[in-house]
Each structure stands twice: as structure tokens, then as C-alpha cells.
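These notes concern the structure reproduced below.
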Amino acid sequence: MIFVDTSAFIARYIEKDQYHKKALIKWKKIIGKSKLYTSNHIIDETITLLLRKTTSTFAIEKAKILYTTKAFETMRSDIDDELMALEVLEKYKDQKLSFTDCLSVASMKRNKIRKIFTFDNHFKHLFGMETI
């Protein structure tokens, strides 16, 4: 089981992203071979960043793909995840994490997911997740 972070989607979709080539290689290695998960918060964050970095047409096109693909399952947070995310945010308040990152950690813990496809190092360094 692998959780897909915003940075993996952004790197995949934006050719000028510094991790674009690495992302494409990693996507080919995991798509259809591993059970993939993301969250509605990651999709939200991805769409928002695509709107800022590209055109609205491009962002909307990718959003439709993210919401309809069968390549991964989209997890949705519950109140327990959100309260746990607040605890994570408070514990690491000096790290300037996003609330979405904290929600990802909470959802991953609840679902016992230890691997994450990301280009953000704090998942490995702060939370001990295995990054791919």
C-alpha cells in the first residue's frame, strides 16, 4: 500500500517541475503494481497548486481525472483523523507543516500505510515513513 502525496501529482503533471522525470519513472513502477491511496485533501491541494502554476483549463482537466480514476482509492478524513492531525500539527509546530500533511499522516496511520510517494522529506524525517 502506497499513499500518494501532492508533490507526486504536481511533479507528474508539470513538466517544468524539478522532479518531473523522476516522478514519471516512479509512476510507471507503481501504477497497477501496488495498491495506491490518496486523500480528498491531497486532491484539493493538488488542484489548488495546479490552478496557481498552470491554466484553469489544465487544472480542471487534471481534477476530473483525479476524481474519476480507478488507479487509486481516495480516502476521506473523519473527525478522529482531523483531531489527530491537530495533535501532529501542535507537536511539530516549529516545522511549518501544512494541515494537509498532518491529515495525510493521520489517515496513513489509521489505515496502516507506511509507504508514501512524495518528494517532501519531512514524511521520512519527522514521521519515519518509507518514501518511494
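For the atom pair OH (Tyr13) and CD (Glu61), the distance works out to 9.0 Å, reported to the nearest 0.5 Å. From Tyr37, atom OH reaches atom OG of Ser104 across 15.0 Å, with rounding to the nearest 0.5 Å. Interatomic distance, CZ of Arg76 versus OG of Ser107, reported as 11.0 Å (0.5 Å rounding). Of the inter-residue distances, the one linking Lys62 atom NZ with Leu51 atom CG reads 13.5 Å to the nearest 0.5 angstrom. Separation of atoms CE (Met129) and CD1 (Ile113) is listed at 9.0 Å; rounding is to 0.5 Å. Atom-to-atom distance recorded for Ser7:OG and Arg12:CZ is 13.5 Å, nearest 0.5 angstrom.
Taking every heavy atom of both residues into account, Ile43 and Leu66 meet most closely at CD1-O, 4.0 Å. Closest non-hydrogen pair, Ala85 versus Ala106, comes out as N-CB, 4.1 Å. Among all heavy-atom pairs drawn from Lys109 and Met84, the shortest one is CD-SD, 4.2 Å. Of all heavy-atom pairs between Thr54 and Ala59, the closest is OG1-N, 4.1 Å. Scanning both residues, Val4 and Thr38, for their nearest heavy atoms gives O-OG1, 2.8 Å. The nearest pair of heavy atoms linking Asn40 to Thr74 is N-CG2, 3.4 Å.
In terms of modelled atom types and a separation under 3.5 Å, the side chain of Thr69 and the main chain of Ile65 share no donor-acceptor contact. Proximity of a side-chain donor or acceptor of His20 to a complementary backbone N or O of Ala11 within less than 3.5 Å is detected.
The salt bridge (charged side-chain N to carboxylate O under 4.0 Å, His left out) test applied to Glu73 returns Lys35, not counting sequence neighbours. In this structure, the side-chain contact (heavy atoms from CB on, under 4.5 Å) partners of Leu126, at least two apart in sequence or on a different chain, are Tyr92, Gln95, Leu97, His122. Listed by chain and number, the residues in a salt bridge (charged side-chain N to carboxylate O under 4.0 Å, His left out) with Arg114 amount to none (sequence neighbours excluded).
The one candidate from Phe119, Trp27, Tyr19, Phe3 that meets the ring-ring contact (aromatic ring centres under 6.0 Å, His included) condition with Phe9 is Trp27.
Residues Tyr67 and Leu36 share a hydrophobic cluster, clusters being chains of Ile/Leu/Val/Met/Phe/Trp/Tyr side chains in contact below 4.5 Å. Note on Ile31 and Ile116: same hydrophobic cluster, where clusters join Ile, Leu, Val, Met, Phe, Trp and Tyr whose side-chain heavy atoms are under 4.5 Å apart, directly or indirectly. Ile47 and Phe58 fall within the same hydrophobic cluster, defined by Ile, Leu, Val, Met, Phe, Trp and Tyr side-chain heavy atoms under 4.5 Å apart, directly or through other members. Ile25 and Ile30 fall into different hydrophobic clusters, where Ile, Leu, Val, Met, Phe, Trp and Tyr residues are linked whenever their side-chain heavy atoms come under 4.5 Å apart, directly or through other members.
Counting only heavy atoms from C-beta outward, the side chains of Thr48 and Arg52 approach each other to under 4.5 Å. Here the side chains of Leu50 and Ile14 are in contact, with some heavy-atom distance below 4.5 Å. The shortest distance between side-chain heavy atoms of Asp5 and Phe123 falls below 4.5 Å.
Shown here is Lys33, whose NZ atom has more than 12 heavy atoms of other residues, nucleotides or ligands within 6.0 Å.
Salt-bridge check for Asp81 with Arg110: passed, with a basic side-chain N closer than 4.0 Å to an acidic carboxylate O.
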Please lay out, stage by stage, how Thr131 and Thr118 fare under the test side chain to side chain donor-acceptor pair (under 3.5 Å).
-> CA-CA 6 Å; Thr131 57; Thr118 186; over 6 Å; no

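Defined by atom type and a distance below 3.5 Å, a donor-acceptor pair is present between the side-chain atoms of His41 and Ser77.
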